[in-house]
Amino acid sequence: MLVPAIFGPWAERLVGALAPAPGARALDVGTGPGTVARVLAAAVGPTGAVVGTDPSPAMLALAREEPPPSGGPASIQYVECGAAPLHVSDEAFDVVTAQQVLQFVPDRRAAVAEMRRAARPGGRIAIATWLPLERNPLFRALRDAVGAVLGPEEAELFAEPWTPAGEEVAALVEEAGFTGVERHEWTVPVTLPGGPDALCCLFGFSAVAAPYAGEHGEALRQAVRELLARHTDERGLHGETAASVVTARA
């Protein structure tokens with residue numbers, strides 16, 4: 001979420017797929033620094049409203065610092081809470097989004113049930129979760145750098161499943177009472193203006209790599225630079241990310 005060049009394109013793709021009407025009310029679960037919430041605000045316009053929830057006060061502080069999008073956006077209210085419970089009203093939202101959230105939720109079933117409670121009849125939902133590292137070459141380079149610097153055992157730990165499979169999410173969405181459940185696999189091109197080093201901030205969020213970020217941080221960054229050298233030019237690092245996206249209707 002702290003790499004806008006990765007999350008921004010996904011925000012545009014998710015909101016574009018849901019196509020919220022002007023004046024709609026939208027909920028972004030696990031909003032982080034508000035990337036998706038701001039795209040939703042631009043889409044629903046000044047007569048709409050957006051609520052972004054997150055358990056991290058620091059993330060919400062970042063979200064509030066960002067200027068609103070141009071074009072007469074909706075107001076955005078940021079609410080400090082997790083995905084279960086969600087401190088929002090019943091059947092209050094026409095659109096619900098959750099991007100790379102469920103891997104951090106202890107009770108995924110309860111979280112999806114809360115999204116169903118929050119959605120109005122006929123409201124639409126979209127939940128995105130990353131596909132495996134084999135489909136995400138940028139993230140795979142981070143795993144491979146861990147292997148090169150710290151060894152194969154640490155690399156295997158880094159490669160453990162860190163997001164629920166699309167099939168699991170689809171089953172939870174259907175169980176929660178949503179209808180018309182569809183599962184998609186999307187690949188979105190991204191460019192990181194900061195190059196490979198901009199990607200390396202994600203080491204700080206890895207339970208495997210973070211303890212070594214101080215002592216071996218430069219070695220890890222150099223390994224990533226070498227792995228992604230042919231994808232880097234004067235405009236930055238070019239790559240793609242891939243996710244499973246489950247859509248449904250309340």
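Keep in mind that what you see is a predicted model, and the values were worked out from it rather than measured.
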Minimum heavy-atom distance [X]-[Y], with the two atoms named:
X	Y	answer
L60	G52	CD2-O, 4.5 Å
A250	R116	CB-NH1, 3.7 Å
P20	V95	CB-CG2, 3.7 Å
P85	E114	CA-OE2, 3.2 Å
P164	T129	O-OG1, 3.4 Å
A11	V39	CB-CG2, 3.8 Å

Is the closest side-chain heavy-atom distance between [X] and [Y] below 4.5 Å?
X	Y	result
V44	R25	no
L27	L86	yes
R124	V96	no
L14	V245	yes
E66	P33	no
E12	V15	no
L138	L237	yes

Side chains of residues 187-198: which donor-acceptor pairs under 3.5 Å do they make with residues two or more places apart or in other chains?
from	atom 1	to	atom 2	distance (Å)
T191	OG1	H238	ND1	3.0
D197	OD1	R225	NE	2.8
D197	OD1	R225	NH2	3.3
D197	OD2	R225	NH2	3.2

Is [X] atom [atom1] crowded by more than 12 heavy atoms from other residues, nucleotides or ligands, each under 6.0 Å away?
X	atom1	result
E174	CD	no
R109	CZ	no
E153	CD	no

Flag yes if [X] and [Y] sit in one hydrophobic cluster, no otherwise; membership is Ile, Leu, Val, Met, Phe, Trp, Tyr, and two members link when side-chain heavy atoms are under 4.5 Å apart.
X	Y	value
V169	I125	yes
V105	W130	no
I6	I127	no
V50	V29	no
L133	V3	yes

Rounded to the nearest 0.5 Å, how far does [atom2] of [Y] lie from [atom1] of [X]?
X	Y	atom1	atom2	answer
Q100	L102	CD	CG	9.5 Å
T53	M59	OG1	CE	13.0 Å
L228	R140	CG	CZ	9.5 Å
L220	E215	CG	CD	10.5 Å
N136	T163	CG	OG1	9.5 Å
F7	T241	CZ	OG1	8.5 Å

Problem - salt_bridge(E185, R135) N-O dist < 4.0 Å - result: yes
Handout entry: Ion pair check, R117 and E91, cut-off under 4.0 Å
Key = no
Handout entry: Derivation and outcome, side-chain contact (heavy atoms from CB on, under 4.5 Å), residues H184 and S244
Key = CA-CA 6 Å; H184 320 265; S244 172; over 6 Å; no
Exercise for the section: For the residue pair W186 and W10, categorise the inter-ring angle as parallel (less than 30°), tilted (30 to 60°) or perpendicular (more than 60°). Expected result: parallel
Handout entry: Stepwise side-chain hydrogen bond (donor to acceptor under 3.5 Å, both in side chains) check, T31 with D54
Key = CA-CA 6 Å; T31 196; D54 201 274; over 6 Å; no
List the atom pairs, with distances to 0.1 Å, where a side-chain N or O of residues 72-81 and a protein N or O form a donor-acceptor pair under 3.5 Å, not counting sequence neighbours.
none

Handout entry: Side chain R249, main chain T179, donor-acceptor under 3.5 Å
Key = no
Exercise for the section: May I ask you to check if R120 and F93 form a cation-pi contact, with NZ or CZ under 6.0 angstrom from the six-membered ring centre and within 45° of the axis? Expected result: no
Completion exercise
Per side-chain contact (heavy atoms from CB on, under 4.5 Å), F178 is matched among V173, L172, T247 by V173
